[in-house]
Novice: 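Take this structure, written in structure tokens, and hold onto it; I'll ask about it next.
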Amino acid sequence: MEELFQELLQQENVRERLIALRERLRAGEDPRRLKQLADAQGNPFGELLHHADPKVRKNAALLLGELGCQQQLTELFEAYQREETLFVRADYLKAMQQLDYSVCRPELKERLEEMTAGEIPAECQKHYREEIRQLEQMLITEGKRERHGFCGLDQPFDVVLTTNRLHRETTADEIREYPVMLTPLGVKVTGARPADLLSLRTFRELLFALNVKTVGPDPVECGKALAASDLMEVLERGLGRLERCAFRITVLGSLTLEQRSSFAKRCGFELEQRTARRLVNAPKNYEVELRLYPRRDGTYLPLVKCFGLMDERFSYRRETVAASMHPSQAALMAALAKPYLKEGAQVLDPFCGVGTMLLERDRAVAAGTMYGVDIFGEAVDKARANAKAADRKIYFVHKDFLEFTHEYLFDEIFTDMPPRGKRTKEEQEQLYAGFFGQAARLLEPGGILVMYSNEEGQIKKQLRLKGGFRLLKEYPMQEKGGYAMYIIGKRKA
């Protein structure tokens, strides 16, 4: 880095040296060292803001931001004000965002109002959009605005509850007071009060539907369609009167990251314009997410996620690990297994993780004594914290299940089997053989074994070898990946 910096001071290939220095920082080199070198020379990056090459000015500005050069804020802002090359202007703002730019806020606000007051020349739209987006980001992230809480729990909305695609009926069957329809994403509920749905545990997310079924595929036309829909009415019913609300657009589907980003920017800009900037595109500090789900004809289905709507169904789950199952999936398993579960049962989870399976099993049908076993100590500690938050007494044991013993038998084993990971096929076979051997020793005659696994072959093999078990029910849980839930009964003596 020192060599590059010295070459820069000698005015050797200035643009290339600036780019190389920034690449070094992105690669993980300590920015403090480069800042020390720059400060010792009176920070030449500030001088380069006057360079004839606009790309030199751009990279010098970005370096000042990346190095946190607060003393050069005034130089950056003045360079931004005098900059005539459109593609560079937004980069000055990006640099300033990494500094304390609060003293510039009034003038930044004036600049935004000036840019949005009239029509944008067609040949300038791309660069104007980016500059406006950066200005909006700076003004909306100043930290002085209050986020909108959700105040529409008792208001009627059309919503989509996203679910496991293979078991949408399980969620639909729980909804009796509103019209429902199965959709590719889950269950659409018409005219529902969110307060009446937030007690259901088998859906993943609650998203708000609009009165337009498709938008796009052109991003500008998409922005127009969203602005012409009941989007603002839906948001104001949920969040109250909106003078300004930050949103982001998430484009799903097969587009590349660059294509999705470009689509979201252009669509978001059009939506801002057509809502008189009451909706502001702020991808890093938003409270509303507009999700665009791809349709077969190339258009998109728009749905809205309001982060002000507090979903406290799984509030006990304060701790997780990387392998943790989503609690709505565990709740779905418990709902599917419910006809086989017994109230007051003695329940064991031999691979308990952070305790989610036991807690959702208990929510479905109240259990008696519950035990969780796991070889991963961190998960066991987190499981104890989650059980405490749920106000449920569960005995957690940090131990390899294959070495676990207990003084009495259990009515149920309810578990998410460990994925193969780095284990060989032979090692995985040993795990399943040991698991079924332990289950035979620990389960009461007539007891129930509920397993989530993608090892159908291993399970069917052990059922053939272990004559004391029989498969009662098999539920596929994924269209791809082979995961299924198996309900297995231990034969009575």
Side-chain angles (χ1 to χ4, degrees), residues 4-5 7-23 25 31 34-35 37-142 265-266 269 272-273 277 280-284:
L4 278 173
F5 183 74
E7 291 172 355
L8 179 70
L9 293 178
Q10 299 302 318
Q11 299 292 309
E12 297 180 18
N13 299 319
V14 175
R15 185 200 297 181
E16 290 77 3
R17 298 297 176 268
L18 288 171
I19 293 172
L21 286 170
R22 294 188 62 221
E23 288 176 348
L25 294 179
L34 180 55
K35 188 171 187 305
L37 293 170
D39 289 344
Q41 297 292 330
N43 205 324
F45 301 126
E47 297 175 12
L48 293 176
L49 299 177
H50 297 271
H51 199 279
D53 183 346
K55 291 189 177 179
V56 168
R57 300 196 298 272
K58 165 185 170 173
N59 283 284
L62 290 169
L63 264 174
L64 287 170
E66 289 160 1
L67 296 178
C69 298
Q70 185 65 40
Q71 291 181 333
Q72 276 66 45
L73 174 67
T74 300
E75 289 180 78
L76 265 175
F77 186 55
E78 290 175 351
Y80 164 68
Q81 290 178 307
R82 66 173 179 264
E83 183 60 60
E84 296 180 356
T85 304
L86 293 182
F87 78 82
V88 181
R89 297 182 64 87
D91 291 298
Y92 287 111
L93 297 174
K94 289 178 185 177
M96 290 171 60
Q97 283 182 66
Q98 300 182 71
L99 310 174
D100 179 3
Y101 56 85
S102 55
V103 296
C104 306
R105 183 178 171 82
E107 291 169 282
L108 292 172
K109 186 175 182 181
E110 287 180 11
R111 172 61 180 165
L112 178 61
E113 291 171 352
E114 174 189 327
M115 293 190 72
T116 56
E119 288 292 322
I120 299 174
E123 68 275 12
C124 303
Q125 282 201 357
K126 176 181 177 181
H127 301 309
Y128 267 54
R129 279 200 305 267
E130 183 60 22
E131 185 178 349
I132 289 171
R133 192 172 73 87
Q134 295 298 331
L135 285 167
E136 289 280 17
Q137 185 72 22
M138 294 172 79
L139 294 171
I140 210 164
T141 58
E142 191 68 13
K265 286 179 182 179
R266 294 176 64 195
F269 182 76
E272 284 181 326
Q273 296 285 89
R277 316 205 82 75
V280 178
N281 190 10
K284 295 182 180 179

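Quantities reported herein were computed from a predicted structural model and do not represent experimental measurements. When reading the values below, keep in mind they use all heavy atoms of this one structure, side chains included, and skip hydrogens, waters and symmetry mates.
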Novice: Between R105 (side chain only) and L139 (backbone N and O only), is there a donor and an acceptor less than 3.5 Å apart?
Specialist: yes
Novice: Which pair of heavy atoms, one from L18 and one from A60, lies closest together, and at what distance?
Specialist: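 Closest pair (atom of L18, atom of A60, distance): CD1-N, 4.0 Å.
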Novice: Can you name the residues that form a salt bridge (charged side-chain N to carboxylate O under 4.0 Å, His left out) with E16, not counting sequence neighbours?
Specialist: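 Partners of E16 under the salt bridge (charged side-chain N to carboxylate O under 4.0 Å, His left out) test: none.
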Novice: Taking only residues two or more places apart in sequence or in another chain, which ones pass side-chain hydrogen bond (donor to acceptor under 3.5 Å, both in side chains) with T74?
Specialist: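 Residues passing side-chain hydrogen bond (donor to acceptor under 3.5 Å, both in side chains) with T74: none at all.
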Novice: Hey, could you give me the CG/NZ distance between D91 and K58, rounded to the nearest 0.5 Å?
Specialist: 4.5 Å
Novice: State, to 0.1 Å, how close A61 and A95 come at their nearest heavy-atom pair, and which atoms those are.
Specialist: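 Nearest heavy atoms, A61 then A95: O-CB, 3.1 Å.
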Novice: Side chains of L63 and L25, heavy atoms from C-beta outward: is any pair under 4.5 Å?
Specialist: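 The answer is yes, as the side chains (C-beta and beyond) meet within the 4.5 Å cut-off.
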Novice: Are there over 12 heavy-atom neighbours, none belonging to K94, within less than 6.0 Å of that residue's NZ?
Specialist: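 Yes.
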Novice: Could you work out, with side-chain hydrogen bond (donor to acceptor under 3.5 Å, both in side chains) as the rule, every residue matching D39, not counting sequence neighbours?
Specialist: K35
Novice: Is there any salt bridge (Lys or Arg N to Asp or Glu O under 4.0 Å) pair reaching into residues 66-79, and which pairs are they, with sequence neighbours excluded?
Specialist: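 For residues 66-79: R22-E66.
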Novice: With sequence neighbours left out, what residues match R129 under salt bridge (charged side-chain N to carboxylate O under 4.0 Å, His left out)?
Specialist: none
Novice: Measure the shortest side-chain to side-chain distance between L73 and D100 over non-hydrogen atoms and say whether it is less than 4.5 angstrom.
Specialist: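 Side chain of L73 against side chain of D100, heavy atoms only: no contact under 4.5 Å found.
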Novice: Identify the heavy atoms of P54 and V88 that sit nearest to each other, and give their distance.
Specialist: O-CG2, 3.7 Å
Novice: How long is the span from the CE atom in M138 to the OG atom in S102, to the nearest 0.5 Å?
Specialist: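 It comes to 10.5 Å.
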Novice: Could you tell me whether a side-chain N or O of E131 sits under 3.5 Å from a main-chain N or O of L86, the two making a donor and an acceptor?
Specialist: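 Here the side-chain-to-backbone pair does not exist.
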Novice: What's the separation between atom CD1 in I132 and atom CG in L93, rounded to the nearest 0.5 Å?
Specialist: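 Those atoms lie 11.0 Å apart.
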Novice: Are any of the side-chain heavy atoms of Q273 and F269 separated by less than 4.5 Å?
Specialist: yes
Novice: Would you say that more than 12 heavy atoms from the other residues, nucleotides or ligands in this model lie under 6.0 Å from the CD of Q81, or not?
Specialist: yes
Novice: Nearest 0.5 Å please: distance from the SG atom of C69 over to the CD atom of Q98.
Specialist: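 Nearest 0.5 Å value for the SG-CD distance: 10.5 Å.
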Novice: With rounding to the nearest 0.5 angstrom, report the CG to CG distance, L64 to N59.
Specialist: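 Output value for this atom pair is 11.0 Å.
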Novice: Kindly confirm or rule out a cation-pi arrangement of R89 over Y80, judged by NZ or CZ under 6.0 Å from the six-membered ring centre and within 45° of its axis?
Specialist: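 Judged by the rule, R89 and Y80 form a cation-pi pair.
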Novice: Looking at Y101 and L108, would you say the former's side chain and the latter's main chain have a donor-acceptor pair under 3.5 Å?
Specialist: no
Novice: Just wondering, are more than 12 heavy atoms of other shown residues or ligands nearer than 6.0 Å to CD in E84?
Specialist: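 Not more than 12 within 6.0 Å, no.
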Novice: Which donor-acceptor pairs under 3.5 Å do the side chains of residues 40-52 make with protein atoms, sequence neighbours left out?
Specialist:
| from | atom 1 | to | atom 2 | distance (Å) |
| --- | --- | --- | --- | --- |
| N43 | OD1 | F45 | N | 3.3 |
| N43 | ND2 | Q72 | OE1 | 3.2 |
| H50 | ND1 | R82 | NH2 | 3.1 |
| H50 | NE2 | R82 | NH2 | 3.3 |
| H51 | ND1 | D53 | N | 3.0 |

Novice: Starting at CD of Q70, measure out to CE of M96 and round the result to the nearest 0.5 Å.
Specialist: 9.5 Å
